[in-house]
Amino acid sequence: MTKRELAKVYEPHQVEARWYEYWASRGYFRPRTDAQAEPYSIVIPPPNVTGSLHVGHALNNSLQDILIRWRRMQGCAALWIPGMDHAGIATQNVVERQLAAEGATREALGREAFVQRVWQWKEQSGGTILRQLRRLGASCDWDRTRFTMDEGLSKAVREVFVRLYEDGLLYRGERLINWCPRCLTALSDIEVEHEETTGKLYTIRYPLADDPLRHLLVATTRPETMLGDTAVAMHPDDERYRHLIGKRVQLPLTTRDIPIVGDPILVDREFGTGAVKITPAHDFNDFAAGERHHLPRVKIMDLHALLAAPLLRTAEAEPSVVEVIGGLPVNKARPKIEHMLAERELLEKIEPHKMALGKCYRCKTVVEPMLSDQWFVRIQPLAEPAIRVVEEGEIRIIPEAWKNNYLGWMRDIKDWCVSRQIWWGHQIPAWYCETCYGRPFLKRASDGAAVIPSDAVPIVAKTQPQACAQGHPTLHQDPDVLDTWFSSALWPFSTLGWPEQTEDLKKFYPTSTLVTGLDILFFWVARMIMMGLKFMGNVPFRDVYIHALVRDAEGQKMSKSKGNVIDPLHVMEQYGTDSLRFTLASMSTPGRDIKLAEERIEGYRNFANKIWNAARFILMNLDGRRAAVPAPERSVADRWILSRLNATIRSVTQSLEQYRFDQACGTLYQFIWHEYCDWYLELAKVSLQQPDSSEAQQTRQTLLESCETVMRLLHPFMPFLTEEIWQTLPHEGESIMIRPYPIVDPTWEDQKAEDSLSLFQHSIALLRTGRALVNYSPSAQVAFFVDSLNPGGPVTLRALKTALRVLGRGPVEVLPHAQWNAPRLLRLSAQGLTVGLHIQGEVDVKKAVDRIIKQRDEEQKEALRLQGKLSNKEFVDKAPPEIVADHHQRLAAMTQNQAILESSLRQLQAMA
RNA sequence: GGGCGAUUAGCUCAGUGGUAGAGCGCUUCCUUCACACGGAAGAGGCCACAGGUUCGAUACCUGUAUCGCCCACCA
């Protein structure tokens, strides 16, 4: 396409698809292999295989792509490893829902067929998100795409499991864990979300066993669990109850009586009645208290969180009670219990009470503390070095505010429950010998899986053993799978080929930067640090950049149910990928959530179009011109823009080094729009008026050079637009994305040119203000004077006279203010600069008069303030001299301004 | 209950111990040969509140209020 055919409006669509294909086909996403190139690597936070791109992903991956493109252009061997997470529970839920739609269940299908079905689904519809990342421009090395359940990563998982076990950092045992009664699996502590709710605090009368007419008052929020009580506790130093310790109470609704124990840890004397029921099988505190007092654990709930009749009978509930609540879920049973207690006059009172309800992070079902056999990682020994590397700065957390968050959690970390009672995931590499155990294992009714007894001895191995140590072939593999975050924890080294000692591993581990959201700091980041240190002996990454959460314009979390979701695919379709990327990056202020509104994206779409048209202008002027010898020296304008560009390069690079994407974008926006387009292109037009002059040739060269540099500077942020323009400009090389990133060039720095242009800009601005005050159309030619009271000012202005005339649209004279001699002049003055505008014909000067009066009054006020400060002895003595001098200077300038404004005012009033 | 963060223009947000800034929106003017997804000129702020430090505080310190987030087994 020739340059003249470029459309007036930038159309991102074909451009994006075309260039992405071009980059991919030429292998630019692979890291360069020359030995001296410094490695720079990022592993992607693997999105769920079920996922599709939402705006959070768009942010996360835009930032990663900015970093990786930037470093690649800087000459690093830049590697960005993509991949996906199998997302155990989430994926299982998705496929189960599909089955349900077909009227099937996973139990009916059986484990093997179900897992196969998930794989099948994964091959067909999984990984949509990776295609969407391409749309976003993500320059991942797709040849290295990994999946947490692919062969290599599964091998890494087994290796880690075995070694942790051998090192005594993994154990299996019966503990109270968080149980999701809908997903039917254990959850780790952080997989439980707490939600504040108002419940009720029940005060119940427990009759004393030896004196049933007297009662002990016990407070609880969960009366339905009382059937599992095995003791009542009070503080041993509590005067009210001390005599009761050792006695027993009759447990209402049952035929049991239970002991009264003293427990200073569990009981807070100030709360409730000072007496607490202990239900070791259904409450975390009570479980611990039960251990201290060697209490039995009475289970009254099954895995669906139903108060199952057989369990209730075992708990010695009265038959009539079993009749009423047997088989009911917790929330249905509670009012029945309440009613029965009230009937027996055992309910003292009910008060409203605030409490935090735990919910499953995958399905929002209320979780139950449940007693069961699970695998745990002994976390303390892993946490200690992981704390140290962050404390000592070997890993930097950015913004630093989150560091304490991390350290606080790590210092108080609990053992990690890693077994899940689902089918989709890495099955635990532990086997149990039925023969050695001595009794046949029970079979679970639902799926026929062996129920492994608590005290069975596991054989942990990387591959399935044929027989146990005694030679028995009667082995059963643990039916459970590992927490999905177990494999994610290995991601930075498993994706590089570990446990093999690959070249990639040697070159790219530790990775350079991890870009992620705060929501998975504990789930993922902390665990990667622990596992990296344990298995690689080194940190998994140097920098952790934590970005914000994207919310809607009202600050609400985006969710499908609220209907406030901004779909990045839709946005890219409508405004272009570059606009979306630039918007997200420019809003990435550290430590603050992003409230994303569509208008914002539109604004940056306009920015992209502005750039497009600037480039179009340059191309039009480069095109078809007779070659002239460039002028020996660059013009002031040329030197100025190169000096400003240089400062921009410095600033953008510094911002990127500090992960200040917002600052980098702001700097680029300001420079490109308000310096490059608003001023430089206008100034360039002046010298291009004689297209065949050597000055014009020099300007064309500067235009080309600066534009090409700006494109490279902007490329990491707006990869498509910049490639499209860059390819159209005369250029060297195949693609902008493999050209060097601009570096600061000291020879471009030119403070004198910057000062000159600053004076020029102020003159034009003042003149335009004057024209607006008397309503002159921008095209009308109006003569004007200009004078600078600063030394050197007039010389500078005279040198720029042509530009003043063209941009000021009128004949201009640079003369000392005293020599201005015209009957009708509108004079405006600011900062030692004065402009006088010839007023022609009939104009309404009232607006100008008002404006000048206003300005004069404001300046008077400010002058008085300055005078006051300067006559304050303390200020003059104690403030830094440069500040005092600055105040003096400003006061002087203001006095001059005022004189001019006054005379201007008199003249205008005479005219009116 | 503990910890952290926020409070600046109508909205979304930068920012600094010494003249308060941007984007969007708003008002007025302009279709001038890069761009109306544009240009120009404007209006609009006791920088949450109260104390303190300082010659000087929107910025530093303390407290208060409101909002948000994270953590937490007080029955």
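Quick note on labels: first sequence line is chain A, next is B, and so on, each numbered from 1.
Listed candidates were B/A34, B/C37, B/A14. Nearest to the side chain of A/N613 is B/A34. Here the nucleotide nearest the side chain of A/K854, chosen from B/A41, B/A43, B/A34, is B/A43. In this structure, of B/C55, B/U12, B/C71, it is B/C71 that holds the atom nearest to the side chain of A/F522. Comparing B/A75, B/A41, B/A34 by their nearest atom to the side chain of A/T220 picks out B/A75. The A/A772 side chain lies nearest to B/A41 when the options are B/A14, B/A41, B/A72. Side-chain proximity of A/N609 to the nucleotides B/C35, B/C55, B/U12 is greatest for B/C35. Closest to the side chain of A/K878, from the set B/C55, B/U19, B/C71, is B/C55.
In this structure, A/E682 reaches the bases: a heavy-atom distance under 4.0 Å links it to at least one base atom across the strands shown. In this structure, A/A401 reaches neither bases nor backbone, as no heavy-atom distance under 4.0 Å exists between it and the strands shown. In this structure, A/F284 reaches neither bases nor backbone, as no heavy-atom distance under 4.0 Å exists between it and the strands shown. Here A/L266 lies in heavy-atom contact (under 4.0 Å) with a base. Heavy atoms of A/P880 sit under 4.0 angstrom from at least one base atom. Using a 4.0 Å heavy-atom distance criterion, A/R269 is classed as making no nucleic acid contact. Among the heavy atoms of the strands lying under 4.0 Å from A/T589 are primed sugar atoms or P, OP1, OP2 only; no base atom is included. A/G274 comes within 4.0 angstrom of a base, heavy atoms only. Using a 4.0 Å heavy-atom distance criterion, A/D678 is classed as a sugar-phosphate-only contact. Here A/V267 lies in heavy-atom contact (under 4.0 Å) with a base.
Taking the P atom of each, B/A22 and B/G5 are spaced 29 Å apart, rounded to whole Å. Using atom P as the reference point in both B/C60 and B/A6, the two lie 9 Å apart (nearest Å). On the P atoms, B/C11 is 15 Å away from B/C26, given to the nearest whole Å. Taking atom P in both B/G38 and B/G23, one finds a spacing of 12 Å when rounded to whole Å. One C1' atom belongs to B/U28, the other to B/A43, and the distance between them is 10 Å to the nearest Å. The gap from the P atom of B/A59 to that of B/U19 amounts to 15 Å, rounded to the nearest Å. Comparing the same atom, P, in B/U53 and in B/A57 gives a spacing of 11 Å after rounding to whole Å. Rounded to a whole angstrom, the distance from the C1' atom of B/G39 to that of B/U7 is 36 Å.
Residue A/R605 places no side-chain N or O under 4.0 Å from the OP1 or OP2 atom of B/C37. In terms of phosphate contacts, A/R851 brings a side-chain nitrogen or oxygen within less than 4.0 Å of OP1 or OP2 of B/G42. For B/U19, neither phosphate oxygen OP1 nor OP2 lies less than 4.0 angstrom from any side-chain nitrogen or oxygen of A/K869. In terms of phosphate contacts, A/H194 brings no side-chain nitrogen or oxygen within less than 4.0 Å of OP1 or OP2 of B/C71. A close approach under 4.0 Å does occur between a side-chain nitrogen or oxygen of A/K8 and OP1 or OP2 of B/C35.
Nucleotide B/U54: unpaired (no Watson-Crick or G-U wobble partner with both distances less than 3.5 Å). If you check B/G25 for Watson-Crick or wobble pairing at under 3.5 angstrom, you find it has no partner at all. The partner of B/A6 is B/U66, judged by Watson-Crick or G-U wobble contacts that both fall below 3.5 Å. The pairing partner recorded for B/C35 is none, the criterion being a Watson-Crick or G-U wobble arrangement whose two distances lie under 3.5 angstrom. Pair assignment for B/C71 gives B/G1, based on Watson-Crick or G-U wobble hydrogen-bonding distances that are each under 3.5 Å.
A straight line from CE of A/M355 to C1' of B/C71 spans 19 Å, rounded to a whole angstrom. Note: NZ (A/K359) to C1' (B/C73) measures 18 Å, nearest angstrom. One can place CG of A/L357 at 15 Å from C1' of B/A72, the figure rounded to the nearest angstrom. When the P atom of B/C71 is taken as reference, atom CD of A/E195 falls 13 Å away, rounded to whole Å.
Shortest non-hydrogen contact noted between A/P399 and A/I546 is CD-O, 3.4 Å. In plain terms, the two heavy atoms of A/M234 and A/A275 that are nearest each other are CE-CB, 3.9 Å.
Here A/D268 pairs with nothing under the salt bridge (Lys or Arg N to Asp or Glu O under 4.0 Å) rule; sequence neighbours left out.
Remark: the A/D662 side chain and the A/S588 side chain contain no N/O donor-acceptor pair separated by less than 3.5 Å.
Within the 3.5 Å criterion, the main-chain N or O of A/I278 finds no donor-acceptor partner in the side chain of A/D283.
Looking at heavy atoms from C-beta onward, A/L187 lies in side-chain contact with A/V367 at the 4.5 angstrom threshold. Within the 4.5 Å cutoff, side-chain heavy atoms of A/F287 are placed close to those of A/R297.
When each of A/D412, A/I413, A/N405 is checked for a side chain to side chain contact (heavy atoms under 4.5 Å, CB included) with A/W409, only A/I413 meets the rule. Under the salt bridge (charged side-chain N to carboxylate O under 4.0 Å, His left out) test applied with A/K359, the options A/E368, A/E193, A/E195 reduce to a single match, A/E195.
Note: A/F717 and A/F661 fail the aromatic proximity criterion, with ring centroids not under 6.0 Å apart.
Summary of the strand contacts: A/D268 and A/T769 both lie near RNA chain B, and taking for each the nucleotide with the nearest heavy atom, the more 5' one is attributed to A/T769. Heavy-atom distances to RNA chain B give each of A/V192 and A/A275 a nearest nucleotide, and the one nearer the 5′ end belongs to A/V192.
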Protein heavy-atom contacts under 4.0 Å, written 5' to 3' over nucleotides 21-33 of chain B as B (base), S (sugar-phosphate only) or - (none), form the string --SS-------B-
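Both the sub-6.0 Å distance and the 45° axial angle are not jointly satisfied by A/K685 relative to the ring of A/Y680.
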